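Right, one structure below, let's go through it.
These numbers were taken from a predicted model, which means no experiment stands behind them.
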Amino acid sequence: LGDPCNIETLVRAIPEVLRQAGQARFLFTWNYAQPKVLQWIRNELERQGTEDKVRLVGHVPHEELAAYYQAADVFVSLATWDSGPISMVEAMACGAVPVMGTLPSVREWIEDGVNGYLVSQKDVAQVAATIARVLQHPDTAREMACRNRQAVQERADFNERMAFMEQRYRDLSQKRLQC
């Protein structure tokens, strides 16, 4: 499909997740959708017989995303690139356990098995087993969610980060003005 979001791997993992964790339900949101990719997803879900376990929501206004993240047990992104996984951090703040590809920007936040899971973006079996593991171990997931909320509060608080940057700019401007 050539989709940088790599939805294909996740969609192909759905039957195995359902085999291991039959209560699982999938919800897909996106900011944009390529019609070709969306049609492939619908066709694949129908071929798998899993369309009744998946809801394709589409675009959700940013101010409503927290409700979706709070309802989720797992947040999955298998993108093949991401310079700053903001959606992942938002989901972490809301209690969803991240299952993510091994991108450098993700590894800055996720320690595999401690506060989320790192998977090979193209390994359908690994992705399915990891999602199922989160669903099958709710106590571990709750512990990870607590670690993530704390990490987000410590590392991604908007006001604190802006104050930090403002002070850095002041420091730089003071150095420049010294003759």
Side-chain angles (χ1 to χ4, degrees), residues 3-33 37-38 41-42 44-45 48 50-80 82 84-103 105-121 123-124 126-153 155-157:
D3 176 28
C5 293
N6 190 29
I7 297 297
E8 184 176 353
T9 301
L10 178 56
V11 171
R12 291 179 193 261
I14 290 172
E16 183 58 24
V17 172
L18 292 170
R19 192 185 71 67
Q20 295 181 41
Q23 78 283 10
R25 298 296 175 267
F26 296 82
L27 187 131
F28 288 78
T29 65
W30 56 82
N31 285 334
Y32 64 91
V37 173
L38 192 53
I41 292 170
R42 287 187 175 113
E44 185 64 15
L45 294 173
Q48 294 172 349
T50 59
E51 64 272 16
D52 62 326
K53 310 292 186 196
V54 178
R55 184 164 172 223
L56 302 175
V57 175
H59 176 74
V60 174
H62 189 263
E63 60 273 6
E64 296 175 20
L65 277 173
Y68 287 87
Y69 294 146
Q70 289 168 346
D73 295 313
V74 183
F75 174 84
V76 181
S77 176
L78 304 172
T80 55
D82 194 340
I86 294 169
S87 295
M88 177 196 74
V89 174
E90 292 171 339
M92 289 168 61
C94 292
V97 175
V99 173
M100 305 290 295
T102 59
L103 300 174
S105 60
V106 169
R107 288 193 308 262
E108 290 177 18
W109 283 93
I110 303 299
E111 185 178 344
D112 190 39
V114 174
N115 68 326
Y117 294 98
L118 300 173
V119 295
S120 171
Q121 289 99 316
D123 189 334
V124 173
Q126 183 187 29
V127 169
T130 304
I131 294 169
R133 180 183 318 140
V134 174
L135 298 173
Q136 293 166 341
H137 297 93
D139 291 340
T140 301
R142 274 190 293 280
E143 291 171 11
M144 288 181 171
C146 288
R147 286 185 199 110
N148 287 334
R149 281 189 202 99
Q150 183 176 352
V152 170
Q153 287 173 345
R155 297 177 56 198
D157 178 83

Rounded to the nearest 0.5 Å, how far apart are [atom1] of [X] and [atom2] of [Y]?
| X | Y | atom1 | atom2 | answer |
| --- | --- | --- | --- | --- |
| Ile131 | Gln20 | CD1 | CD | 10.0 Å |
| Leu18 | Gln48 | CG | CD | 8.5 Å |
| Ile110 | Arg147 | CD1 | CZ | 11.5 Å |
| Phe75 | Met100 | CZ | CE | 5.5 Å |
| Thr130 | Asp112 | OG1 | CG | 8.0 Å |
| Asp123 | Thr9 | CG | OG1 | 8.5 Å |

For the [atom1] atom on [X], are there more than 12 heavy atoms of other groups (residues, nucleotides or ligands in this structure) within a distance under 6.0 Å?
| X | atom1 | answer |
| --- | --- | --- |
| Ile86 | CD1 | no |
| Gln136 | CD | yes |
| Arg55 | CZ | no |

With side-chain contact (heavy atoms from CB on, under 4.5 Å) as the criterion, how do Glu51 and Val54 come out once you've worked through the C-alpha distance, each side chain's angles and the decisive distance to 0.1 Å?
CA-CA 5 Å; Glu51 64 272 16; Val54 178; 5.9 Å; no
Check: [Y] and [X] side chains under 4.5 Å, non-hydrogen atoms:
| X | Y | result |
| --- | --- | --- |
| Phe26 | Val11 | no |
| Val152 | Trp109 | yes |
| Ile7 | Trp30 | no |
| Asp82 | Met88 | no |
| Glu90 | His62 | yes |
| Leu56 | Arg42 | yes |
| Asn148 | Pro98 | yes |
| Cys94 | Tyr68 | no |

How close do [X] and [Y] get, heavy atom to heavy atom, and via which atoms?
| X | Y | value |
| --- | --- | --- |
| Ala93 | Arg149 | O-CG, 3.5 Å |
| Leu118 | Gly101 | CD2-O, 3.9 Å |
| Met144 | Val114 | CG-O, 3.3 Å |
| Pro15 | Thr50 | CG-CG2, 4.2 Å |
| Glu16 | Arg19 | OE2-NH2, 2.7 Å |
| Ala13 | Val127 | CB-CG1, 4.1 Å |

Does [Y] offer a backbone N or O that forms a donor-acceptor pair with the side chain of [X] under 3.5 Å?
| X | Y | answer |
| --- | --- | --- |
| Gln126 | Ser120 | yes |
| Gln121 | Ala79 | yes |
| Asp73 | Leu135 | no |
| Asn6 | Thr80 | no |

